[in-house]
Amino acid sequence: MEDRHGHRISYLRLSITDRCNERCRYCLPEQKQEWLPREGVMTFEEIVRVVRVGASLGVRKLRVTGGEPLVRRGVIGLIRSLHAIPGIDDIGLSTNGTLLAEPDPEDGTGDTTARRLAAAGVRTVNVSLDTLDPAGYALATGRDYLARVLAGLEAARAAGFARIKLNCVLMRGTNDCALAELVDFAHTHGHLLRFIELMPVSRTDVLHEQSFLSTLEARSRLEDRFGPLVPRPDFRTNGPATYFEIPGRQQLIGLIGAMTNLHFCESCNKLRLTCDGKLRPCLGSHLEFDLLGVLRAGATDAQLADFFRDVVDRKPKEHDFRDGYQPQRHMTAIGG
Ligand code: SAM
């Protein structure tokens, strides 16, 4: 599928729940949460059917996300079903890492969730880690779970995923002094670290001068410590990061400048499916289309395929984050 701006769509991000066991300040602020009612959330059968249709149109890569995808029961079975869909050749998972080291109580083997995910067909995992300082971690996420995440990363390493990425959201005053420490940690453990600019997805005050830290500034702080970073435009994963090499090390780090990189949207290859079945052509736009409503009203696969094509046709040239964007849904209800 290709839109009218030349974006070629091969990547679908699937949010399987809006629920999360953390409360990151920039994503799902601490307050009484109104979760989506269960009947409004896509069943696994519905998700698999939609992905089957997407795959018939050229979707090759999936990312399972949330909310926290590992809080939804039965996720391993879902991954197995997605992995079996013809055309799907890459499944990634985004997680906060807190549950990766846990065995599944419903599974008698005692295997970690990480190992079961790998066996079910997850190729790569992205783990959110904003700081290695326990107090800073608790401040950023609203939960004192750093030790669980570190155990989760160890379980992920032991599970043998093809790649483990660490996602660090840049926050002035919270983790801006801890970036080099994360670089060293990623180097020691062989993880691919990416620094992400705050986006006004769930709230807008994240863009205030006292919270926002650009990738340019992060780069200059890293250069103070490591020397000039070496651009590596030849290195790409399926995502939006631009990569740099830390001098003297064979270590790459990614910078995701959603707010400051004016070319950010040019290579976008994604659609998003929210857990309540809305197909979204862009994270930073209010456009969303009720695929689940059409499916539950009895649409055929051919009609669902037309729906996909129509949404791709409406994909904007670029996001609206720089134009006074006012979020209407939390990131967890969209799928990060
Ligand atoms: N719970 C999982 C996790 O922690 O990765 C998956 C969902 S989470 C919404 C996916 C990613 O979105 C995380 O890396 C998170 O840091 C990022 N994210 C959430 N809100 C953001 C924001 N306002 N700006 C930039 N990144 C954000």
Side-chain angles (χ1 to χ4, degrees), residues 13-30 33 35 62-72 75 92-100 113-114 117 122 124-131 136-137 139-143 145-146 148-149 152-153 156 164-172 174-175 182 191-208 211-215 218 237 239-241 254-261 264 270 272-275 280 283-284 319-322 325-336:
R13 293 179 77 107
L14 292 172
S15 174
I16 63 167
T17 179
D18 61 328
R19 298 174 191 229
C20 191
N21 58 349
E22 293 196 321
R23 292 292 179 277
C24 298
R25 285 189 302 175
Y26 48 79
C27 184
L28 185 63
E30 191 85 65
Q33 292 303 323
W35 304 117
L62 302 176
R63 172 162 302 284
V64 177
T65 180
E68 171 49 45
L70 300 183
V71 303
R72 184 155 174 190
V75 61
L93 177 94
S94 285
T95 173
N96 59 30
T98 55
L99 299 170
L100 284 172
T113 297
L117 288 164
V122 171
T124 59
V125 286
N126 290 2
V127 178
S128 296
L129 184 60
D130 294 338
T131 174
Y137 184 91
L139 188 68
T141 63
R143 298 290 182 269
Y145 286 166
L146 179 63
R148 288 171 63 163
V149 179
L153 279 170
I164 299 171
K165 285 188 201 151
L166 301 179
N167 283 341
C168 166
V169 175
L170 295 165
M171 287 169 282
R172 188 185 298 284
T174 302
N175 64 0
L182 274 170
H191 304 323
L192 185 60
L193 173 63
R194 305 181 314 165
F195 292 108
I196 306 174
E197 280 177 355
L198 272 171
M199 296 175 277
V201 205
S202 300
R203 46 197 281 184
T204 50
D205 57 352
V206 296
L207 298 184
H208 291 171
S211 345
F212 185 77
L213 183 77
S214 69
T215 46
T237 62
L255 300 181
I256 303 187
M259 301 302 296
T260 58
N261 175 358
F264 188 73
K270 297 188 193 83
R272 291 181 142 79
L273 184 66
T274 67
C275 59
R280 289 182 68 116
L283 174 64
H319 65 64
D320 292 334
F321 284 147
R322 287 182 286 264
Y325 184 82
Q326 293 297 318
Q328 290 172 353
R329 274 179 180 249
H330 280 150
M331 179 75 145
T332 50
I334 301 174

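Treat the numbers as computed from the prediction; the structure is a model and nothing was measured. Both ligands and their constituent atoms are indexed starting at 1 by order of listing.
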Please evaluate residues L255 and E197 with respect to the criterion side-chain contact (heavy atoms from CB on, under 4.5 Å), reporting the C-alpha separation (whole Å), side-chain torsions for both, the decisive distance (0.1 Å), and the verdict. CA-CA 8 Å; L255 300 181; E197 280 177 355; over 6 Å; no
Can you tell which of P69, S128, P200, A258 gets a heavy atom nearest to atom 15 (C) of ligand 1? S128
Only heavy atoms count here, so choose which of G67, S94, C168 is nearest to atom 7 (C) of ligand 1. G67
Using a heavy-atom cut-off of under 4.0 Å, does the side chain or the backbone of E197 touch ligand 1, or both, or neither? backbone
Looking only at distances, please establish whether an N/O atom of ligand 1 is found under 3.5 Å from an N/O atom of M199. yes
Show the atoms of ligand 1 that are less than 4.0 angstrom away from any heavy atom in V169. 16 (O), 26 (N)
Any nitrogen or oxygen of Y26, side chain or backbone, less than 3.5 Å from one on ligand 1? yes
What are the two closest non-hydrogen atoms of L28 and W35, and how far apart are they? CD2-CH2, 3.9 Å
Run the contact test for C24 against ligand 1 with a 4.0 Å cut-off on heavy atoms, strictly below, and give the result. no
Whether the E68 and T98 side chains hold a donor-acceptor pair (N or O, under 3.5 Å, no angle test) is what I'd like checked. no
Is there a donor-acceptor contact under 3.5 Å from the side chain of H191 to the main chain of L153? no
For ligand 1, which atoms have a heavy atom of T65 less than 4.0 angstrom away? 6 (C), 7 (C)
Would you indicate whether the side-chain heavy atoms of R25 and M171 approach each other to under 4.5 Å? yes
Contact partition for D130 relative to ligand 1, non-hydrogen atoms under 4.0 Å: neither
Which one holds for N96 and ligand 1: side chain close, backbone close, both close, or neither close, with close meaning a heavy atom under 4.0 Å? both
Any idea which atoms of ligand 1 are less than 4.0 Å away from a heavy-atom of E68? 1 (N), 2 (C)
Side chain R72, main chain I16, donor-acceptor under 3.5 Å: yes
Looking only at heavy atoms, the pair that brings P240 and R194 closest together is CD-NH1, 4.4 Å
Do any N/O atoms on V201 end up under 3.5 angstrom from N/O atoms on ligand 1? no
Any donor-acceptor N/O pair, N175 side chain to T131 backbone, under 3.5 Å: no
Counting each atom of ligand 1 from 1 as listed, which ones have a heavy atom of L198 under 4.0 Å away? 24 (N)
On a heavy-atom basis, the closest approach of S214 and T260 is CB-CG2, 4.0 Å
